[in-house]
Protein chains: 2
Amino acid sequence: MKVVMDINYINMNEIEKFFASKKIRVTAMRLLIYKFLAEKEVAVTLSDIENAFEKADRTTLYRTIKTFEEKAIVHQIDDGTGITKYALCEKGCNCEIETDLHLHFHCNNCNKTICLTDHKIPQIKVPEGFISENVNLVVKGICDKCSGQ
Amino acid sequence: MKVVMDINYINMNEIEKFFASKKIRVTAMRLLIYKFLAEKEVAVTLSDIENAFEKADRTTLYRTIKTFEEKAIVHQIDDGTGITKYALCEKGCNCEIETDLHLHFHCNNCNKTICLTDHKIPQIKVPEGFISENVNLVVKGICDKCSGQ
DNA sequence: CTAATGCTTGCAATGGAAGTGCAATTATTG
DNA sequence: CAATAATTGCACTTCCATTGCAAGCATTAG
Ligand SMILES: [Mn+2]
Ligand SMILES: [Mn+2]
Ligand SMILES: [Zn+2]
Ligand SMILES: [Zn+2]
């Protein structure tokens with residue numbers, strides 16, 4: 001895939017350094033997808049990315065996201081819609097080790113899912129003998145935009 | 001599908017009454033699937049049911065579960081594995097109205113998912129402007145059987 | 001700089017779960 | 001028993017996720 005790199009070179013430079021720190025190669029696809037995710041304020045599906053980059057192959061997008069996931073650049077969100085969504089990890093996020101402790105909100109009206117990164121998941125009690133390693137919490141309802149503030 | 005009704009008639013009688021109270025017809029399939037769910041202590045997938053009733057058609061099993069769901073006889077569980085699981089609702093459960101407020105535990109070792117029906121989901125704070133209608137909380141880790149008590 | 005090596009990409013194909021249309025079967029009602 | 005309504009089985013379909021393989025591109029050793 002040939003792309004015209006008409007995007008901000010300064011930003012791109014930073015992303016390149018970031019990729020290097022994560023020990024992954026810098027490619028046009030990866031830069032573009034990273035930028036796409038960074039500009040979105042909501043979690044996206046693979047189809048969303050597909051629609052944004054129609055010239056690229058679905059598999060490449062899929063594998064790029066998988067690579068990002070392995071390197072803790074993005075995290076998966078299962079919001080119960082049946083379609084996996086992805087969002088950039090926060091700086092200093094360590095979802096490789098213990099999963100993402102913030103909660104996610106899914107709007108039943110506009111169908112968007114957002115990370116509530118500063119809403120941490122409270123400590124959850126489990127019965128004797130059970131060991132909790134990881135918690136997934138999704139709140140569903142109406143988002144701020146849809147509720148009319 | 002022809003089945004030999006070699007199962008406890010007294011129990012069956014109770015289930016029949018239960019179905020009547022839910023205003024659904026009593027059929028062999030429904031009785032068998034209900035009994036199957038009642039005997040399981042874990043949430044099951046459609047495939048689990050399929051394997052247990054190989055003579056039955058998948059679609060019938062699928063639609064039976066859907067009917068149970070609509071009538072609040074079972075509730076769906078999305079434990080993040082990507083495959084929907086089902087479990088019987090507790091007596092007095094009203095997951096039709098407000099979703100199931102108990103939490104679910106998914107064992108990363110044996111891959112089983114169980115309802116922790118008496119572990120209710122705590123009140124979750126959401127930001128200004130957001131309206132919470134419903135919460136899905138899944139704890140992942142090691143279950144009591146796998147942790148060695 | 002060039003060649004060898006290994007990672008990345010595109011294409012084609014597969015698998016699995018979920019869901020639907022329609023006709024045949026079975027249950028309920030009168 | 002006949003008419004009516006709900007349930008079941010079969011054949012398809014759709015959609016997302018995932019993989020094998022060969023071609024393309026980037027990195028590194030020489
Ligand atoms: Mn998130
Ligand atoms: Mn449950
Ligand atoms: Zn919304
Ligand atoms: Zn276990």
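Just so you know, these numbers use all the heavy atoms, side chains as well, and skip hydrogens, waters and symmetry mates. This structure is a prediction, so every number in the text was calculated from the model and none was measured. Chain A is the first sequence line, chain B the second, and so forth, proteins listed ahead of strands; every chain is numbered from 1.
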Pairing donors with acceptors under 3.5 angstrom, does anything connect the side chains of A:Lys85 and A:Thr113? yes
Atom CG of A:Asp48 and atom P of D:dA17 are separated, to the nearest Å, by 11 Å
query = Within less than 4.0 Å of OP1 or OP2 of D:dA17, is there a side-chain N or O belonging to A:Thr84?
reply = yes
Rounded to whole Å, the CG-P distance (B:Asn51 to C:dG16) equals 12 Å
Check: If we ignore angles and hydrogens, is there a donor and acceptor under 3.5 Å between the side chains of A:His106 and B:Asn136?
Finding: no
Checklist entry - So do A:Phe53 and A:Leu32 actually touch side chain to side chain, heavy atoms under 4.5 Å? => result yes
Rounded to whole Å, the CD-C1' distance (B:Glu70 to C:dG19) equals 13 Å
Check your understanding: Within a strict 4.5 Å, meaning less than it, do heavy atoms of the B:Ile24 and B:Thr67 side chains meet?
Key -> yes
*Does B:Thr59 place a side-chain N or O at less than 4.0 Å from the phosphate oxygens OP1/OP2 of D:dT8?*
no
B:Lys66 has its side chain closest, among D:dC10, D:dT19, C:dG19, to C:dG19
Of the listed C:dT9, D:dT8, D:dA17, the closest approach to the B:Arg30 side chain comes from D:dT8
Comparing A:Thr67 with B:Leu46, nearest DNA chain C nucleotide closer to 5' gives the residue A:Thr67
Rounded to whole Å, the CE-P distance (A:Met29 to C:dT8) equals 14 Å
Side-chain atoms of A:Ser47 come closest, of D:dC16, D:dA17, D:dT8, to D:dC16
Query raised in the report: For C:dT9, does either OP1 or OP2 sit under 4.0 Å from a side-chain N or O belonging to A:Thr27?
Result: yes
Checking A:Leu103, A:Asn134, A:Leu116 against A:Ile121 for side-chain contact (heavy atoms from CB on, under 4.5 Å), the one that qualifies is A:Leu103
Among C:dG6, C:dA18, C:dG10, the one nearest any side-chain atom of A:Arg25 is C:dG6
Rounded to whole Å, the CD-P distance (B:Gln76 to C:dA17) equals 15 Å
Taken to the nearest whole Å, OH/B:Tyr62 to P/D:dC10 is 18 Å
- Test for a donor-acceptor pair under 3.5 Å between the base of C:dG16 and the side chain of B:Arg58, counting only N and O atoms. no
note: B:Leu61, atom CG; C:dA18, atom C1'; distance rounded to Å ~ 14 Å
Checklist line | N or O in side chain of B:Arg63 less than 4.0 angstrom from D:dT7 OP1/OP2 | finding: no
Whole-Å distance, A:Tyr86 OH to D:dA17 P, equals 6 Å
